[in-house]
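Below you'll find the structure, written out as structure tokens, and then a few comments.
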Amino acid sequence: MIRAMLDQLLIGARRAARSLIYADRNALLAALQQALTQSSVPILAANAADVDAARVSGMSAPMLDRLALDAERLRAIIASIATVIALPDPLGRVLEQWQHPQGMQIIKRSVPFGVIGIIYESRPNVTVDAAVLCLKAGSAVLLRGSASALLTNRCLAQAMRAGLAGVGADPDAINLVDSIDRASVTEMLTARGKIDLLIPRGGAALIAHVVENARVPVIETGTGVCHIYVHQSADSAQALAMLMNGKTQRPGVCNALETLLVDVAIAKEFLPMCVTALQTAGVEVRGCALTHELCNGVNAATEADYAAEFLDLIIAVKVVENLDAALAHIAQFSTQHSEVICARDQVAIQRFCDEIDAAAVYANASSRFTDGFEFGFGAEIGISTQKMHARGPMGLHEIVTYKYLINGSGQVR
């Protein structure tokens with residue numbers, strides 16, 4: 001039954017994708033914006049029910065924060081659609097062109113993928129962001145959210161589909177897999193020839209399952225074991241501010257900090273200040289032996305802690321001998337998401353930026369800026385930690401492909 005349901009959704013999505021080629025896609029996005037605004041009350045009610053159920057089930061506070069919508073968050077999600085409308089059309093761009101020796105004109109032009117599948121956890125903003133970006137990029141979207149957000153996602157999808165139908169567009173350009181049966185994920189992973197691109201967004205287990213089992217093309221959006229390295233030349237006040245912003249603002253997101261590295265030369269003065277501030281904010285600190293010696297209330301860090309994406313008010317701390325040791329630690333434990341150095345030494349900054357292998361590398365700025373909206377993309381479809389096709393926050397240009405158009409006058413080879 002799951003396969004039959006998916007097949008029907010994908011047939012509708014393929015039909016809708018063809019209709020988007022000549023559609024006024026900005027007008028469709030405006031219709032989504034209006035429909036979501038008109039449906040704000042039922043959307044918030046559905047989300048409140050999801051949050052209540054998740055709280056009863058024991059979901060952690062940071063994960064509840066990812067799931068929860070309030071009027072302000074919903075307004076921000078809806079308002080972001082206008083930003084996407086204002087962005088240039090990603091389709092029909094001439095990426096390259098040249099003339100063949102036999103006189104043919106060869107043009108490389110951006111075109112839609114067709115049908116894009118998104119498998120994601122908890123965050124209902126992804127439902128809107130993914131639908132809006134895919135429509136702007138000329139593709140139909142198949143959304144498969146988590147059980148914890150099913151009521152919210154159902155309400156969001158119904159509103160957006162009604163918005164499309166209200167302006168005479170095919171509502172199947174936006175499809176929700178309205179099922180919590182895990183078999184639906186398996187069917188999406190194996191829908192070769194029916195789904196043109198699959199993007200997972202969620203924790204390490206989800207992403208690993210998708211990457212290891214998919215038979216359709218996948219862009220891997222990675223987990224975020226993000227480090228902040230405080231060099232001995234750093235401005236301590238600035239470093240502390242970036243640490244607190246990166247760890248405590250929204251600990252349940254992938255660009256939150258998970259590990260603090262501090263040069264031994266400043267550890268005695270700097271670390272107690274950091275640990276006190278973190279503990280005051282409710283953060284559990286797990287540190288190396290020297291951290292434990294210098295600071296009160298620190299639990300011993302294990303090797304597993306340095307590899308963990310906590311997504312919670314927990315941080316791993318290690319005192320390192322120097323820049324080389326910091327680089328080696330990050331190389332061992334990084335998930336190639338976002339890495340930060342705090343320093344005034346320009347040589348140290350240059351080496352860090354040159355040698356760190358990550359999608360986003362920061363010198364004296366918070367890791368929390370790794371975000372499509374913050375990068376000026378309007379929204380994002382995910383943050384890629386792979387190196388092929390797309391890397392870092394993925395906006396419109398990362399969810400289109402291209403084809404070659406060859407114009408001749410009867411040439412033969």
Side-chain angles (χ1 to χ4, degrees), residues 1-2 5-6 39-74 76-77 117-131 142-159 175-189 199-213 221-225 247-256 258 281-284 286 299 304-305 307-315 382-383:
M1 291 179 64
I2 293 293
M5 176 193 70
L6 258 296
S39 299
S40 293
V41 172
I43 290 168
L44 292 175
N47 183 254
D50 278 334
V51 171
D52 286 345
R55 186 178 289 112
V56 170
S57 73
M59 181 179 283
S60 70
M63 293 298 102
L64 283 170
D65 178 64
R66 289 176 70 144
L67 174 61
L69 291 178
D70 56 22
E72 182 180 353
R73 283 188 180 181
L74 183 56
I77 290 170
I118 315 288
I119 300 175
Y120 56 106
E121 295 175 339
S122 293
R123 298 170 66 176
N125 65 292
V126 175
T127 305
V128 178
D129 289 349
L142 183 65
L143 302 160
R144 203 290 186 180
S146 62
S148 61
L150 181 61
L151 298 178
T152 311
N153 290 338
R154 181 182 291 158
C155 202
L156 289 167
Q158 287 172 348
N175 287 282
L176 178 72
V177 180
D178 197 346
S179 169
I180 59 173
D181 192 326
R182 293 188 177 184
S184 62
V185 173
T186 302
E187 292 299 328
M188 289 180 69
L189 298 182
I199 302 172
R201 290 192 62 174
L206 169 67
I207 293 167
H209 177 73
V210 171
V211 171
E212 291 167 9
N213 294 282
T221 60
T223 52
V225 180
K247 182 68 259 183
T248 66
Q249 188 189 52
R250 292 196 71 187
V253 295
C254 62
N255 59 19
E258 306 293 13
V283 179
E284 178 192 344
R286 302 177 184 177
N299 298 318
D305 289 325
E309 184 185 33
F310 296 114
L311 300 174
D312 204 344
L313 288 171
I314 304 170
I315 193 167
I383 297 173

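In this chain, numbering begins with 1 at the start of the sequence shown. Everything quoted here is computed from the prediction, not taken from an experiment.
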By side-chain hydrogen bond (donor to acceptor under 3.5 Å, both in side chains), which residues pair with [X], not counting sequence neighbours?
{"X": "Arg182", "result": "none"}
{"X": "Asn213", "result": "His209"}
{"X": "Ser179", "result": "none"}
{"X": "Arg66", "result": "none"}

Distance-only side-chain donor-acceptor flag, Asp312 / Ser60, under 3.5 Å: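 Short answer, no.
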Any non-hydrogen side-chain atom of [X] less than 4.5 Å from a side-chain atom of [Y]?
{"X": "Val177", "Y": "Met5", "value": "yes"}
{"X": "Leu6", "Y": "Ser184", "value": "yes"}
{"X": "Glu121", "Y": "Pro200", "value": "no"}
{"X": "Ile77", "Y": "Leu69", "value": "yes"}
{"X": "Leu176", "Y": "Leu156", "value": "no"}

Worked check of side-chain contact (heavy atoms from CB on, under 4.5 Å) between Gln158 and Ser39: CA-CA 9 Å; Gln158 287 172 348; Ser39 299; over 6 Å; no
Considering all heavy atoms of both residues, which atom of [X] and which atom of [Y] are nearest to each other, and what is their separation?
{"X": "Arg201", "Y": "Thr221", "value": "CA-OG1, 3.7 Å"}
{"X": "Thr223", "Y": "Gly203", "value": "CG2-C, 4.0 Å"}
{"X": "Leu143", "Y": "Ala130", "value": "CD2-CB, 3.8 Å"}
{"X": "Ala147", "Y": "Ile180", "value": "CB-CG2, 3.4 Å"}
{"X": "Leu189", "Y": "Val210", "value": "CD2-CG1, 3.7 Å"}
{"X": "Val51", "Y": "Leu64", "value": "O-CD2, 3.9 Å"}

Full working for side-chain contact (heavy atoms from CB on, under 4.5 Å) between Arg144 and Ile118: CA-CA 6 Å; Arg144 203 290 186 180; Ile118 315 288; over 6 Å; no
Pairing of Asp65 and Arg73 as salt bridge, 4.0 angstrom limit: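 Judged by the 4.0 Å cut-off on N to carboxylate O distance, Asp65 and Arg73 do form a salt bridge.
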Distance, nearest 0.5 Å, that separates CD1 of Ile43 from CG of Asn153: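 Spacing of CD1 (Ile43) from CG (Asn153) equals 10.5 Å.
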Heavy-atom donor-acceptor pair, [X] side chain to [Y] backbone, under 3.5 Å:
{"X": "Ser146", "Y": "Ser122", "answer": "yes"}
{"X": "Asp50", "Y": "Leu151", "answer": "yes"}
{"X": "Asn47", "Y": "Leu67", "answer": "yes"}
{"X": "Glu258", "Y": "Phe310", "answer": "yes"}

Any residue meeting salt bridge (Lys or Arg N to Asp or Glu O under 4.0 Å) with Asp305, in chain and number order, not counting sequence neighbours: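 Asp305: salt bridge (Lys or Arg N to Asp or Glu O under 4.0 Å) contacts with Arg286.
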Contacts of Arg55 that satisfy salt bridge (Lys or Arg N to Asp or Glu O under 4.0 Å) - sequence neighbours left out: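 In terms of salt bridge (Lys or Arg N to Asp or Glu O under 4.0 Å), with neighbours along the sequence ignored, Arg55 is linked to Asp52.
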Thr127 and Tyr120: CA distance, side-chain angles, deciding distance, side-chain contact (heavy atoms from CB on, under 4.5 Å) verdict: CA-CA 9 Å; Thr127 305; Tyr120 56 106; 2.7 Å; yes
Intermediate values then yes/no, side-chain contact (heavy atoms from CB on, under 4.5 Å), Leu313 and Glu284: CA-CA 6 Å; Leu313 288 171; Glu284 178 192 344; over 6 Å; no
